Amino acid sequence: MPELPEVEVSRLGITPYLEHQIVRKVNVFQRQLRWPVPLEVARIEGQEILSIERRAKYLLLVTEVGTAILHLGMSGKLRVLPIGTPLAKHDHVEIQTLAGQSLRLNDARRFGAVLWQAPGETHPMLAKLGPEPLTDAFANDHLYRMSRGKSAPVKTFIMDNHVVVGVGNIYANESLFMSGIDPRKPAGKISKARYAKLQQAIRTVLARAIEQGGTTLRDFSRADGQPGYFRIELQAYGQGGKPCPLCEKPLKEIRLGQRSTVFCNQCQR
DNA sequence: ATGTTGACCTGTAAGC
DNA sequence: TGCTTACAGGTCAACA
């Protein structure tokens, strides 16, 4: 499920249970995720979790001896439960705290990952990432400048982590709808002004989704508490064939880079 | 260099 | 009911 808002909501949800807590034990039940879970993650045992940060869709559990990095892939979920709660199917990794809580990484498809980052280093996977969309690092003219000379579709372009992070398939569809841009249009042929609009749309859509997800945070530690499945009204994604919210014409659904793409042929140019 | 496709893995829903 | 197929929120590696 996780796009950037889901990951951020997960971060906010687990922080009260993990920040400044001492790690009691790390258990790996399934080492084979996207990459083998590095043995070094056990080094956080006995360490205080100093902070829980997010970079792109990666969550960083920072300690003095190094940082455990979690990625949720397509189907990953985090849950905080009392230690001893029976394992669920696809619970692959557990981080226990001295206070008696257990962070569980559950991921049916195992596209998620656990990485290790030594103090003072930047993991190679994080090294070449584009700017965070919700910060000033995402400059006004960033998309425009990066896109010159590119013929790839603009939707593919904004989903590229080297361009800007955190724009997954759902929010790519939504932000292009919101800014009235045809997802198939070559990235290099879009004007500066239209990119400014797209940038605003990306920020608006992501920020709103985080707000919406925040409402579920109180229940985070409960076994049945889903860490944020957004009820925001999606205007485009998943709405193929239904009338366009703006002009009533049926929304088109196509594949772009093997990903489902929904847009209005009339409103998006 | 850039753009496109396959690969990783499981679950679910639809079609026959 | 059972079997087969397509698709699902990500993203890296390998191609042309």
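As a basis for the values below, the full set of heavy atoms in this structure was taken, side chains included, without hydrogen atoms, waters or symmetry mates. Each chain gets a letter, A, B and so on, in the order the sequences are listed, and its residues count up from 1. What you see is a predicted model; the values in this text were computed from it and never measured.
- Within residues 151-167 of chain A, the residues approached by DNA chain B to less than 4.0 Å at the level of any non-hydrogen atom are Ser151(A), Ala152(A), Pro153(A), in residue-number order.
- With DNA chain C read from its 5' end, the first of the two nearest nucleotides for Arg34(A) and Gln258(A) is the one closest to Gln258(A).
- For the pair Lys77(A) NZ and dT10(B) P, the interatomic distance rounds to 15 Å; values are reported in whole Å.
- Taking every side-chain heavy atom of Asn169(A) into account, dG9(C) is the closest of dT10(B), dG9(C), dT11(C).
- With Ser102(A) contributing its side chain and Pro82(A) its backbone, the two residues share no donor-acceptor pair below 3.5 Å.
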Take Thr261(A) and Glu253(A) through the test side chain to side chain donor-acceptor pair (under 3.5 Å) and record every step on the way to the result. CA-CA 6 Å; Thr261(A) 302; Glu253(A) 179 153 9; over 6 Å; no
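- Glu3(A) contributes a side-chain N or O that, together with a main-chain N or O of Gly168(A), makes up a donor-acceptor pair within less than 3.5 Å.
- Here Phe111(A) does not count as stacked on dT11(C), because the ring centres are not under 5.5 angstrom apart with planes under 30°.
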Where do Lys155(A) and Asn169(A) land on the side chain to side chain donor-acceptor pair (under 3.5 Å) test, with the steps shown first? CA-CA 9 Å; Lys155(A) 176 163 178 260; Asn169(A) 197 36; 2.7 Å; yes
Take Lys25(A) and Glu45(A) through the salt bridge (Lys or Arg N to Asp or Glu O under 4.0 Å) test and state the conclusion after the steps. CA-CA 5 Å; Lys25(A) 188 85 179 67; Glu45(A) 290 178 356; 3.6 Å; yes
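- Without hydrogens or angle criteria, Arg203(A) side chain to Gln199(A) main chain gives no donor-acceptor distance under 3.5 Å.
- Paired with Val23(A) under the rule side chain to side chain contact (heavy atoms under 4.5 Å, CB included), one option of Leu61(A), Ile44(A), Leu18(A) passes, and it is Ile44(A).
- Each of Val205(A), Leu198(A), Val262(A) was compared with Leu176(A) under the side chain to side chain contact (heavy atoms under 4.5 Å, CB included) criterion, and only Leu198(A) meets it.
- Among the candidates His92(A), Arg104(A), Glu94(A), the single residue satisfying the side chain to side chain donor-acceptor pair (under 3.5 Å) test with Asn27(A) is Glu94(A).
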Please list each protein N or O that sits under 3.5 Å from an N or O in nucleotides 11-14 of chain B, with the distance.
{"from": "dG11(B)", "atom 1": "OP1", "to": "Lys89(A)", "atom 2": "NZ", "distance (Å)": "3.0"}
{"from": "dG11(B)", "atom 1": "OP1", "to": "His90(A)", "atom 2": "NE2", "distance (Å)": "2.7"}

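- Within 6.0 Å of CD in Glu64(A) there are 12 or fewer heavy atoms belonging to other residues, nucleotides or ligands.
- dG9(C) atom C1' lies 17 Å from atom CG of Leu256(A), rounded to whole Å.
- dA13(C) atom P lies 7 Å from atom CH2 of Trp35(A), rounded to whole Å.
- Taking atom P in both dC9(B) and dA14(C), the straight-line distance is 16 Å, to the nearest Å.
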How does DNA chain C look in dot-bracket form if you count Watson-Crick and G-U pairs under 3.5 Å, write [ ] for pairs that cross, and put | where a base pairs with another strand? .|||||||.|||||||
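- One atom, CG of Leu33(A), and another, P of dT10(B), lie 11 Å apart when rounded to the nearest Å.
- Nucleotides dG9(C) and dG3(B) are separated by 23 Å at their C1' atoms, to the nearest Å.
- When ring centroids are compared, Tyr58(A) and His71(A) come within the 6.0 Å threshold.
- Taking only side-chain nitrogens and oxygens, Arg255(A) comes nearer than 4.0 Å to OP1 or OP2 of dA8(C).
- One atom, CD of Gln32(A), and another, P of dT10(B), lie 11 Å apart when rounded to the nearest Å.
- In this model, the phosphate group of dG10(C) is not approached by any side-chain N or O of His71(A) to a distance below 4.0 Å at OP1 or OP2.
- Using a 4.0 Å heavy-atom cutoff across all strands shown, Arg259(A) reaches at least one base atom of the nucleic acid.
- With P as the reference atom, dA6(C) and dG6(B) are 13 Å apart, rounded to whole Å.
- The interatomic distance linking Tyr58(A) (OH) with dG9(C) (P) rounds to 18 Å, in whole Å.
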Lys57(A)/Glu6(A) under salt bridge (Lys or Arg N to Asp or Glu O under 4.0 Å): CA gap, chis, key distance, verdict: CA-CA 9 Å; Lys57(A) 295 170 191 166; Glu6(A) 287 85 344; over 6 Å; no
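- Put simply, CE on Met125(A) is 14 Å from C1' on dC8(B), counting in whole angstrom units.
- Although no hydrogens or angles enter the test, the distance criterion places a donor-acceptor pair under 3.5 Å between the side chain of Arg11(A) and the main chain of Ile52(A).
- For Ser260(A), the listed nucleotide lying nearest its side chain is dA8(C); candidates were dT2(B), dG9(C), dA8(C).
- Atom CG of Leu129(A) and atom C1' of dT11(C) are 11 Å apart (whole Å).
- Of the two residues contacting DNA chain C, namely Lys128(A) and Tyr237(A), the nearest-nucleotide position lying further toward the 5' end is that of Tyr237(A).
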